[in-house]
Amino acid sequence: MIEEYEHKVKQFKAEEKLRYKEIEEKNKRKRKILDDAGYNTTLIDKLEKEDSEAFLKTLSSRREALINRKSVLATELQSRHFYTEILNDESRKTMQPFGACLMASDQKLLDNIEGVRGNPWILPYDPSKIDIKDSGSIDIWCWQAYGGPPPTTANIWFNFVPNSTGLWNLSAIIAFHGFYILRSDDSWYNCRRAWVKLTAKMWVHQYAWQPVKKFTLLDKSETNANYTKLFDSTEWLDTTAVLKAGDLAWILVTFEVEGFGEGSGTYGELNFKDGSANYVLPVLATASPA
């Protein structure tokens, strides 16, 4: 998975150099069309710049309030103990996270996380709490297709040994605490758009990978927006797998965090990282015979 992600990042960066040249050339042609039609593109640029600067001033104060909000981590750690007690019995196994791997197209998105580092990944020393975010934007005009970088990705591993052969029900309880920012002011000449997206996948492996199950947890795309919102949600992800007794089985939960904006002055951010109150907590995983 790391190799596949590294390939995506290298491919994106190689294509990005070519895209920027293409974007620059197309923007010049579009600007000429507007100039020839009698529109004052210099004034449009001035208004765009002023609008963007005003947004950046308010962004820092908005983020500060979201980053400094009160953390509920202590309460959730108590909940983890509670769930472990009530869900762990003779017919059901409970598991704590065994390990994790975070991957990002920009290493800045993974700063201040302790762990074994590579490029573009990190194996955090503590897989029981995940810090992850994604943000960005690209300055383009209308009629310009653009593919953003690979989303920031987290892989969380659980393992157990089945005590019976057959179909098993598997669940992962993941608590998300964070916020998102969307900024986009669409008009006829700029075609702005900003979005945030949180998706998850769940795999099971014993001898071979079994079919993946996918989940969409958040999907917001706006052409006209200027707001910040909290995202606090505990998700129960579930799947089934046929397993054999006595041999180690692995559960892999992968989630992708994406925030991006297309157009001058746009911005998208999905943040489960900054401050003590924003994080992803893999509460636990459970396994029981069907």
Side-chain angles (χ1 to χ4, degrees), residues 54-81 83 96-97 99-117 120-137 148-149 151-156 172-184 194-200 217-220 222 225-235 253-261 266-284:
F55 167 70
L56 290 175
K57 287 181 180 179
T58 60
L59 177 62
S60 59
S61 61
R62 290 182 186 179
R63 292 187 81 259
E64 183 177 0
L66 294 167
I67 290 171
N68 293 328
R69 66 185 178 128
K70 185 178 179 180
S71 175
V72 296
L73 180 59
T75 301
E76 287 207 313
L77 291 177
Q78 292 175 352
S79 297
R80 173 185 279 171
H81 178 73
Y83 282 129
Q96 301 295 323
C101 174
L102 311 182
M103 300 177 290
S105 59
D106 186 344
Q107 286 292 292
K108 292 180 181 178
L109 297 170
L110 300 178
D111 61 2
N112 301 320
I113 299 175
E114 294 185 352
V116 179
R117 289 185 175 272
W121 52 268
I122 182 170
L123 305 178
Y125 292 140
D126 181 10
S128 65
K129 186 171 81 70
I130 303 299
D131 294 321
I132 188 171
K133 69 178 181 178
D134 192 55
S135 64
S137 64
T152 308
T153 302
N155 296 310
I156 307 170
I173 307 173
I174 312 292
F176 295 89
H177 292 285
F179 62 88
Y180 60 91
I181 301 172
L182 284 172
R183 157 69 175 180
S184 178
W195 67 89
V196 291
K197 193 171 185 179
L198 175 64
T199 57
L217 308 179
L218 174 68
D219 190 357
K220 293 283 186 180
E222 302 280 5
N226 186 358
Y227 62 83
T228 58
K229 285 192 175 182
L230 296 174
F231 185 83
D232 295 302
S233 179
T234 298
E235 302 288 340
V253 176
T254 295
F255 57 89
E256 296 181 343
V257 175
E258 186 173 359
F260 204 72
T266 61
Y267 185 72
E269 177 179 349
L270 182 54
N271 194 316
F272 300 103
K273 180 177 185 292
D274 295 332
S276 61
N278 302 300
Y279 55 85
V280 179
L281 185 73
V283 180
L284 53 83

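Residues Thr266 and Gly261 approach most closely at OG1-C, 3.1 Å, considering heavy atoms. Annotation for Glu76 and Tyr279: closest pair OE1-OH, 3.1 Å, computed over non-hydrogen atoms.
Contact check for Pro282 versus Ile130: side-chain heavy atoms found under the 4.5 Å cut-off. In this structure, Ser137 and Arg183 have side chains that are not in contact, with every pair of non-hydrogen atoms separated by 4.5 Å or more. Inter-residue side-chain proximity for Phe179 and Thr228 is flagged as unmet; no heavy-atom pair is nearer than 4.5 Å. Counting only heavy atoms from C-beta outward, the side chains of Tyr180 and Trp195 never approach each other to under 4.5 Å. Two residues are said to be in side-chain contact when any heavy atoms from C-beta on lie closer than 4.5 Å; Leu198 and Phe272 meet this criterion. For the pair Val196 and Phe231, the minimum side-chain heavy-atom distance is 4.5 Å or more. No side-chain heavy atom of Phe260 sits less than 4.5 Å from a side-chain heavy atom of Leu270.
Lys273 and Asp111 are joined by a salt bridge, as a carboxylate oxygen and a charged side-chain nitrogen come within less than 4.0 angstrom of each other.
Rounding to the nearest 0.5 Å gives a distance of 12.0 Å between CG of Leu284 and OG of Ser128. The structure places CG of Leu102 at 11.0 Å from CG of Leu109, a figure rounded to the nearest 0.5 Å.
Annotation for Lys220: atom NZ does not count as buried by contact number, only 12 or fewer foreign heavy atoms lying within 6.0 Å. Atom CD of Glu64 has 12 or fewer neighbouring heavy atoms from other residues, nucleotides or ligands inside a 6.0 Å radius.
For Asn278, the side-chain hydrogen bond (donor to acceptor under 3.5 Å, both in side chains) criterion is met by Arg69, not counting sequence neighbours. For Arg63, the salt bridge (charged side-chain N to carboxylate O under 4.0 Å, His left out) partners two or more places apart in sequence, or in a different chain, are Glu269, Asp274.
Not a single donor-acceptor pair under 3.5 Å links the side chain of Asp219 to the backbone N or O of Lys197. Here the side chain of Thr152 pairs no donor or acceptor atom with the backbone of Ala104 at under 3.5 angstrom. A donor-acceptor pair is defined here as one N or O able to donate and one able to accept, closer than 3.5 Å; such a pair exists between the side chain of Ser71 and the backbone of Ser276. Arg117 contributes no side-chain N or O that, together with a main-chain N or O of Ile122, makes up a donor-acceptor pair within less than 3.5 Å.
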- Stepwise side chain to side chain contact (heavy atoms under 4.5 Å, CB included) check, Ile156 with Phe255: CA-CA 9 Å; Ile156 307 170; Phe255 57 89; 3.5 Å; yes
- Message: One pair to check against side chain to side chain contact (heavy atoms under 4.5 Å, CB included): Met103 and Asn155. What are the steps and the verdict?
- Response: CA-CA 9 Å; Met103 300 177 290; Asn155 296 310; 3.4 Å; yes
